[in-house]
K.L.:
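Sending over a structure as structure tokens; questions will come in a sec.
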Amino acid sequence: MMGMKQYVVDAFTDEVFKGNPAAVCLPETWPSEELMASIAMENRFSETAFIVREPQGYHLRWFTPGGEIDLCGHATLASAYVIMHFVEPDAETIRFHTLSGQLTVTRFRGDDGEVFAMDFPAYDLAPTPVTDAMEQALGARPVEAWLGRDLLCVMRDERIVRGIRPDMTLVNELPGLLVNVTAAGDPGTGLDCVSRSFAPKCGVDEDPVCGSGHCHILPYWSRRFGRDRLTAYQASQRGGTIHATVSDGRVSLGGSAALFSIGEILPD
């Protein structure tokens with residue numbers, strides 16, 4: 001039986017068991033929607049990526065256990081890692097065609113290893129009222145709330161973000177696809193912001209390191225601080241660091257990746 005290669009890559013980290021794991025599948029042709037959804041459900045990662053090489057280039061799609069989504073940062077980073085290591089090892093730039101348009105990933109090599117910089121669209125944010133429902137779902141009351149694709153809840157300090165124990169049933173009822181919770185980093189840490197991302201609508205309670213969530217988070221802090229370059233930390237159990245530049249409606253997200261496994265899927 002002809003199998004489908006699958007790579008599992010930990011993104012936004014340079015060592016396994018940290019960062020955000022994603023599965024990257026390389027079918028020869030597109031599997032059915034049902035099969036891709038089933039593979040994502042079986043994997044139970046926050047995202048499984050599927051890449052098919054077409055005449056116009058690489059076509060990339062992302063599936064959560066709850067279905068297909070329009071943008072995913074860590075699975076794009078993982079996808080670029082796989083293409084640049086196992087398909088085109090001499091390539092330094094990869095362009096993916098996606099539901100969010102063309103996404104470019106560039107590899108930089110240095111003394112500390114590889115860093116992949118991804119050029120993503122920034123989400124437009126509109127202020128939205130802070131509600132009792134937000135406080136009840138998160139166990140802490142935001143000082144501000146903003147809505148793009150996701151809900152962005154700004155907390156008073158980093159300690160609150162790290163200590164949040166959300167009620168996922170109530171989080172699922174809040175507006176937005178994901179709920180991103182963020183605060184400014186504590187002085188002296190070198191971190192501009194510390195955040196967490198919750199995605200029960202996608203079948204994932206907490207996304208370990210969420211690139212698309214940071215396409216909401218980083219534009220907010222860029223405007224707040226009046227700076228384009230930022231260092232963000234995702235304070236999940238696994239944790240991960242994102243180095244970013246925000247400019248002209250785009251967000252450049254930089255991070256490393258580590259290969260965990262190579263396998264083969266044998267669909268019926």
K.L.:
Please give me the minimum heavy-atom distance between Ile242 and His214, naming the atom from each residue.
P.N.:
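Residues Ile242 and His214, closest heavy atoms: CD1-ND1, 3.5 Å.
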K.L.:
With a 4.5 Å limit on heavy-atom distance, are the side chains of Pro127 and Glu144 in contact?
P.N.:
no
K.L.:
If you compare all heavy atoms of Asp70 against all heavy atoms of Ser100, which two are closest, and at what distance to 0.1 Å?
P.N.:
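Minimum heavy-atom contact is O-OG, 2.6 Å.
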K.L.:
Roughly how far, to the nearest 0.5 Å, is SG of Cys202 from CD of Glu47?
P.N.:
7.0 Å
K.L.:
Have a look at Ile51 and tell me which of Ile83, Val87, Val82, Ile94 forms a side chain to side chain contact (heavy atoms under 4.5 Å, CB included) with it.
P.N.:
Ile83
K.L.:
Could you give me the CA-CA distance, side-chain angles and deciding distance for Leu103 and Asp119, then say whether side chain to side chain contact (heavy atoms under 4.5 Å, CB included) is met?
P.N.:
CA-CA 6 Å; Leu103 303 179; Asp119 177 38; over 6 Å; no
K.L.:
Output yes when Glu28 and Lys5 qualify as a salt bridge under the 4.0 Å nitrogen-oxygen rule, no when they do not.
P.N.:
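Looking at Glu28 and Lys5, the cut-off is not met.
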K.L.:
Between Asp132 and Arg141 (salt bridge meaning N to carboxylate O under 4.0 Å), is one present in this structure?
P.N.:
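Salt bridge: yes.
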K.L.:
Please answer whether the main-chain N or O of Asp186 pairs with a side-chain N or O of Thr189 as donor and acceptor at a distance below 3.5 Å.
P.N.:
yes
K.L.:
NE2/His74 to CH2/Trp62 distance, rounded to the nearest 0.5 angstrom?
P.N.:
11.5 Å
K.L.:
Quick check on Asp167: does its CG atom have over 12 non-hydrogen neighbours (other residues, nucleotides or ligands) under 6.0 Å away?
P.N.:
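Enclosed: over 12 neighbouring heavy atoms sit under 6.0 Å from CG of Asp167.
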K.L.:
Cation-pi check for Trp30 against Arg61: NZ or CZ below 6.0 Å from the six-membered ring centre and within 45 degrees of the axis, yes or no?
P.N.:
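Yes.
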K.L.:
Mind checking the OG1-CD spacing from Thr169 to Gln136? Nearest 0.5 Å is all I need.
P.N.:
13.0 Å
K.L.:
Between Ser197 and Asn180, do the side chains contain an N or O donor and an N or O acceptor separated by less than 3.5 Å?
P.N.:
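Asn180 and Ser197 do have a side-chain donor-acceptor pair below 3.5 Å.
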K.L.:
Side-chain contact test, heavy atoms from C-beta onward, threshold under 4.5 Å: evaluate it for Thr245 versus Val251 and give yes or no.
P.N.:
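Result no, sub-4.5 Å side-chain heavy-atom pair not found.
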K.L.:
For residues Ser195 and Thr182, is any side-chain donor paired with an opposing acceptor at under 3.5 Å?
P.N.:
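A pair is found: one side chain offers a donor N or O, the other an acceptor, under 3.5 Å apart.
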K.L.:
With a 4.5 Å heavy-atom cut-off, do Arg223 and Leu125 have their side chains touching?
P.N.:
yes
K.L.:
Just do the side chain to side chain contact (heavy atoms under 4.5 Å, CB included) check on Thr231 and Thr241 with the steps written out, would you?
P.N.:
CA-CA 7 Å; Thr231 300; Thr241 301; 4.0 Å; yes
K.L.:
Heavy-atom distance under 4.5 Å between the side chains of Leu218 and Leu253, does that happen here?
P.N.:
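Answer yes - side chains close enough.
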K.L.:
Looking only at the side chains, is there a donor atom on one of Arg149 and Ser212 sitting less than 3.5 Å from an acceptor on the other?
P.N.:
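Distance-only check passes for Arg149 and Ser212.
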K.L.:
If you compare all heavy atoms of Pro200 against all heavy atoms of Asn172, which two are closest, and at what distance to 0.1 Å?
P.N.:
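Where Pro200 meets Asn172 most closely, the heavy atoms are C-OD1, 3.7 Å.
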K.L.:
What about Leu60 and Ile39, same hydrophobic cluster or not, with Ile/Leu/Val/Met/Phe/Trp/Tyr joined at side-chain heavy-atom distances under 4.5 Å?
P.N.:
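No, Leu60 does not connect to Ile39 through the hydrophobic network.
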K.L.:
Quick one: closest heavy-atom pair of Ser256 and Leu77, and the distance?
P.N.:
O-CD2, 3.6 Å
K.L.:
Any chance you could measure Cys72, atom SG, to Met118, atom CE, to the nearest 0.5 Å?
P.N.:
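Those atoms lie 8.5 Å apart.
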K.L.:
Does the side chain of Tyr233 pick up a donor-acceptor pair with the side chain of Glu158 at under 3.5 Å?
P.N.:
no
K.L.:
So, are Asp207 and Arg196 salt-bridged, with charged N and O less than 4.0 Å apart?
P.N.:
no
K.L.:
With hydrophobic residues grouped by side-chain heavy-atom distances under 4.5 Å, do Val143 and Ile160 end up in a single group?
P.N.:
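No, Val143 does not connect to Ile160 through the hydrophobic network.
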K.L.:
Could you check whether any side-chain N or O of Arg107 sits under 3.5 Å from a backbone N or O of Glu92, counting only pairs where one atom can act as donor and the other as acceptor?
P.N.:
no
K.L.:
Would you indicate whether Arg229, at its atom CZ, is surrounded by more than 12 heavy atoms from other residues, nucleotides or ligands within a distance under 6.0 Å?
P.N.:
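Incorrect, the count does not exceed 12.
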K.L.:
Could you check if a side-chain atom of Thr128 sits within less than 4.5 angstrom of a side-chain atom of Trp146, using non-hydrogen atoms only?
P.N.:
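With C-beta onward as the side chain, the pair stays apart.
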K.L.:
Which is it for Met134 and Leu151 under the side chain to side chain contact (heavy atoms under 4.5 Å, CB included) test, yes or no, and what are the steps along the way?
P.N.:
CA-CA 10 Å; Met134 295 175 191; Leu151 178 64; 4.0 Å; yes
K.L.:
For the residue pair Val105 and Arg95, establish whether any side-chain heavy-atom pair is separated by less than 4.5 Å.
P.N.:
no
K.L.:
Would you say NZ of Lys18 has more than 12 non-hydrogen atoms from neighbouring residues, nucleotides or ligands within 6.0 angstrom?
P.N.:
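Result for NZ/Lys18: open.
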K.L.:
Enter the distance from Leu177:CG to Ile69:CD1 here, rounded to the nearest 0.5 Å.
P.N.:
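Answer for the CG-CD1 pair, Leu177 versus Ile69, is 7.0 Å.
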K.L.:
Could you check Phe108 against Phe116 for ring-ring contact (aromatic ring centres under 6.0 Å, His included), going step by step and ending with a plain yes or no?
P.N.:
CA-CA 6 Å; Phe108 298 93; Phe116 297 86; 9.3 Å; no
K.L.:
Between Asp150 and His216, what is the shortest heavy-atom contact and its length?
P.N.:
N-NE2, 3.0 Å
K.L.:
Of the non-hydrogen atoms in Ala22 and Phe45, which two are nearest, and what is the gap between them?
P.N.:
C-CD1, 4.4 Å
K.L.:
Quick one: are the ring centres of Tyr7 and Tyr81 less than 6.0 Å apart?
P.N.:
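So the answer is no for these two rings.
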K.L.:
Heavy atoms, side chains only, cut-off 4.5 Å: are Phe50 and Leu26 in contact?
P.N.:
no
K.L.:
Go through the side-chain N and O atoms of Asn43 and Thr48 and say whether any donor and acceptor fall under 3.5 Å apart.
P.N.:
yes
K.L.:
Any side-chain heavy atom of Asp90 sitting closer than 4.5 Å to one from Met84?
P.N.:
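Sidechains of Met84 and Asp90: no contact.
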K.L.:
Could you tell me whether Asp192 and Arg227 have a side-chain N and a carboxylate O separated by less than 4.0 Å?
P.N.:
yes
K.L.:
Membership question, hydrophobic clusters at under 4.5 Å side-chain separation (ILVMFWY): are Leu147 and Val171 in the same one?
P.N.:
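Linked within one cluster.
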K.L.:
With side chain to side chain contact (heavy atoms under 4.5 Å, CB included) as the test, would you mind laying out the steps for Val115 and Arg109 before giving the verdict?
P.N.:
CA-CA 6 Å; Val115 173; Arg109 307 174 195 257; over 6 Å; no
K.L.:
Is Glu42 atom CD crowded by more than 12 heavy atoms from other residues, nucleotides or ligands, each under 6.0 Å away?
P.N.:
no
K.L.:
Is the number of heavy atoms from other residues, nucleotides or ligands under 6.0 Å of Glu34 CD greater than 12?
P.N.:
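Atom CD in Glu34 is not crowded, with 12 or fewer foreign heavy atoms closer than 6.0 Å.
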K.L.:
Looking at NE2 of His97 and NE2 of His59, how far apart are the two atoms once the value is rounded to the nearest 0.5 Å?
P.N.:
9.0 Å
